[in-house]
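Residue numbers run from 1 in the order of the sequence given. Just so it is clear, the values below take in all heavy atoms, side chains as well, and ignore hydrogens, waters and symmetry mates.
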Amino acid sequence: VPIAYTVAGSGSPALVFIHGWMCDQTFWAAQVEGFRESKTVVTIDLPGHGLSGMERETWPVLAFGADVQAVVEHLDLSEVVLIGHSMGGPVALESARLMPDRVIGVFGIDSLQDADLDWDPEQTKALTTAFENDFVGTCGQFVASMFAEGADPLLIEQVNVAMCDGSPEIGIALMRDFGDYELGPALATVDVPVRFLNSGLWATNVEANRRYQPNFDGELMGGVGHFLMMEKPEEFNELLGEILSNLDNPAH
């Protein structure tokens, strides 16, 4: 399917930003402006999202790794950091596995929290059933639950409109597939530094993740929810820049 992407700025390494479930590349607008002066910045609409094609018979999350690879290779980027928000974190891992000669680091943004987490099948089934019965209403509640107390109502509404106006069929298919994703083995297959910049609202099990990927490290942001790069963009960009500059030197 056609894949929409945008390139801004110049400089190495290239930063390739990968959005999450039912989002699109516009969620990274503040990061494009923040990093384009010093880096090549690439944002992508994954298939089924944004301006990319939707003509796919099945929607496995793993396929997105090859979609990102296709864009990176099309642009002939030789030194790349993959930065994935939410579902985009696993997508970044899968893409890194396919491009060991190009990728120098993987970042999870409110993602890659716990390789030992087992999804409760009953909870997953209940959530997908709720989306099947009322996609827009359930999506709205889902979006609101991911923001910190006191978040900007206009931002919540912006994210709500962007995510909940997507294809219910694609969204539900991805949700079902994502429940079977195994983070531990994915972390273990990547031979580059893996970093996180996560919301402090939810725990990140660093110890568990390091059992699979010793070169795992990162930072927590306070006062933000799941969309931290949009909620506090200046603070986010500063922290991301610091972690990028120390990519080869984890804190532990």
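Judged by distance alone, the side chain of Asn209 and the main-chain N or O of Ala115 form a donor-acceptor pair under 3.5 Å. Between the side chain of Gln31 and the backbone N or O of Phe17, no donor-acceptor pair lies under 3.5 Å. A distance-only check finds a donor-acceptor pair linking the side chain of Thr40 to the backbone of Gly11 [under 3.5 Å]. Between the side chain of Thr138 and the backbone N or O of Phe135, no donor-acceptor pair lies under 3.5 Å. Judged by distance alone, the side chain of Ser52 and the main-chain N or O of Asp45 form a donor-acceptor pair under 3.5 Å. Within the 3.5 Å criterion, the main-chain N or O of Ala208 finds no donor-acceptor partner in the side chain of Asp114. Of the possible donor and acceptor atoms, none in the side chain of Asp177 sits under 3.5 Å from a partner among the backbone N and O of Ala173. With hydrogens and angles disregarded, a donor-acceptor distance shorter than 3.5 Å links the side chain of Arg195 to the backbone of Leu247. Between the Asp134 side chain and the Ala130 main chain, no donor and acceptor come within less than 3.5 Å of each other. With hydrogens and angles disregarded, no donor-acceptor distance shorter than 3.5 Å links the side chain of Arg176 to the backbone of Thr124.
Atoms NZ and OG, from Lys39 and Ser12 in turn, are 8.0 Å apart once rounded to the nearest 0.5 Å. Rounded to the nearest 0.5 angstrom, Glu235 CD and Leu240 CG are separated by 12.0 Å. The distance from atom OG of Ser199 to atom CD1 of Ile109, rounded to the nearest 0.5 Å, is 12.0 Å. Within the model, atoms CZ of Arg211 and CZ of Phe216 stand 12.0 Å from one another, a figure rounded to the nearest 0.5 Å. Distance check: Leu244 CG to Phe107 CZ gives 4.0 Å after rounding to the nearest 0.5 Å. The OG atom of Ser111 lies 7.5 Å from the CG atom of Leu183; values are rounded to the nearest 0.5 Å.
The 12-atom threshold is not exceeded at CD of Glu207, counting heavy atoms of other residues, nucleotides or ligands nearer than 6.0 Å. Few gaps surround CD on Glu132; more than 12 heavy atoms of other groups in view lie less than 6.0 Å from it. The environment of Glu182 atom CD is sparse: at most 12 non-hydrogen atoms of other residues, nucleotides or ligands sit within 6.0 angstrom.
Residue pairs meeting the side-chain hydrogen bond (donor to acceptor under 3.5 Å, both in side chains) criterion with at least one member in residues 54-65, sequence neighbours excluded, are Arg56-Asp67. For residues 142-186, the set of pairs meeting the disulfide (SG to SG under 2.5 Å) definition, not counting sequence neighbours, comprises Cys139-Cys164.
Nearest heavy atoms, Phe27 versus Cys23: CE2-SG, 3.5 Å. Nearest heavy atoms, Pro47 versus Ile3: CG-CG1, 4.2 Å. Between Val161 and Asp165, the shortest heavy-atom contact is O-CB, 3.2 Å. Across all their heavy atoms, Ala151 and Ile156 have their closest contact at CB-CD1, 4.1 Å. Looking at every heavy atom in both residues, Leu228 comes nearest to Asn198 through CD1-C, 3.9 Å.
Residues Leu46 and His19 have side chains in contact (heavy-atom distance under 4.5 Å, counting atoms from C-beta outward). Contact annotation: the side chain of Arg102 never approaches that of Gln69 to less than 4.5 Å [non-hydrogen atoms, C-beta and beyond]. You'll find the side chain of Gln213 stays beyond 4.5 Å of the side chain of Thr189, heavy atoms only. Val16 is listed as a side-chain neighbour of Leu77, based on a closest heavy-atom distance under 4.5 Å. Proximity of Phe35 to Val41: side-chain heavy atoms (C-beta onward) are separated by under 4.5 Å at one or more points. The side-chain heavy atoms of Leu15 and Trp28, taken from C-beta on, include no pair separated by under 4.5 Å.
By the criterion of side-chain heavy atoms lying less than 4.5 angstrom apart, applied directly or through intervening Ile, Leu, Val, Met, Phe, Trp or Tyr residues, Leu197 is not grouped with Leu201; the two fall into different hydrophobic clusters. Hydrophobic clustering of Ile, Leu, Val, Met, Phe, Trp and Tyr side chains at less than 4.5 Å, counting indirect connections, unites Met54 with Ile18. Follow the hydrophobic side-chain contacts under 4.5 Å out from Met22 and you never reach Leu51; the two are in separate clusters.
Residues Asn205 and Gln113 have side chains that never bring a donor and an acceptor to within less than 3.5 angstrom of each other.
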With a cut-off of 3.5 Å and sequence neighbours excluded, list every side-chain donor-acceptor pair involving residues 80-97.
unit_1 : atom_1 : unit_2 : atom_2 : d
His85  : NE2    : His226 : O      : 2.8
Ser86  : OG     : His226 : NE2    : 2.9
Glu94  : OE1    : Arg97  : NE     : 3.3
Glu94  : OE1    : Arg97  : NH2    : 2.8
Glu94  : OE2    : Tyr181 : OH     : 2.8
Ser95  : OG     : Gly65  : O      : 3.2

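For the salt bridge (Lys or Arg N to Asp or Glu O under 4.0 Å) test, residues two or more places apart in sequence or in another chain that qualify with Glu33 are Arg36. For the side-chain contact (heavy atoms from CB on, under 4.5 Å) test, residues two or more places apart in sequence or in another chain that qualify with Thr6 are Gln25, Thr43. Leu155 meets the side-chain contact (heavy atoms from CB on, under 4.5 Å) test with Phe147, Asp152, Gln158, Val159, Met230, Glu231; sequence neighbours excluded.
Below 30°, between 30° and 60°, or above 60°: for Trp21 and Phe142 the angle between ring planes is above 60°, a perpendicular geometry. Between Tyr5 and His74, the ring planes are perpendicular. Angles over 60° get that label, and only those under 30° would be called parallel.
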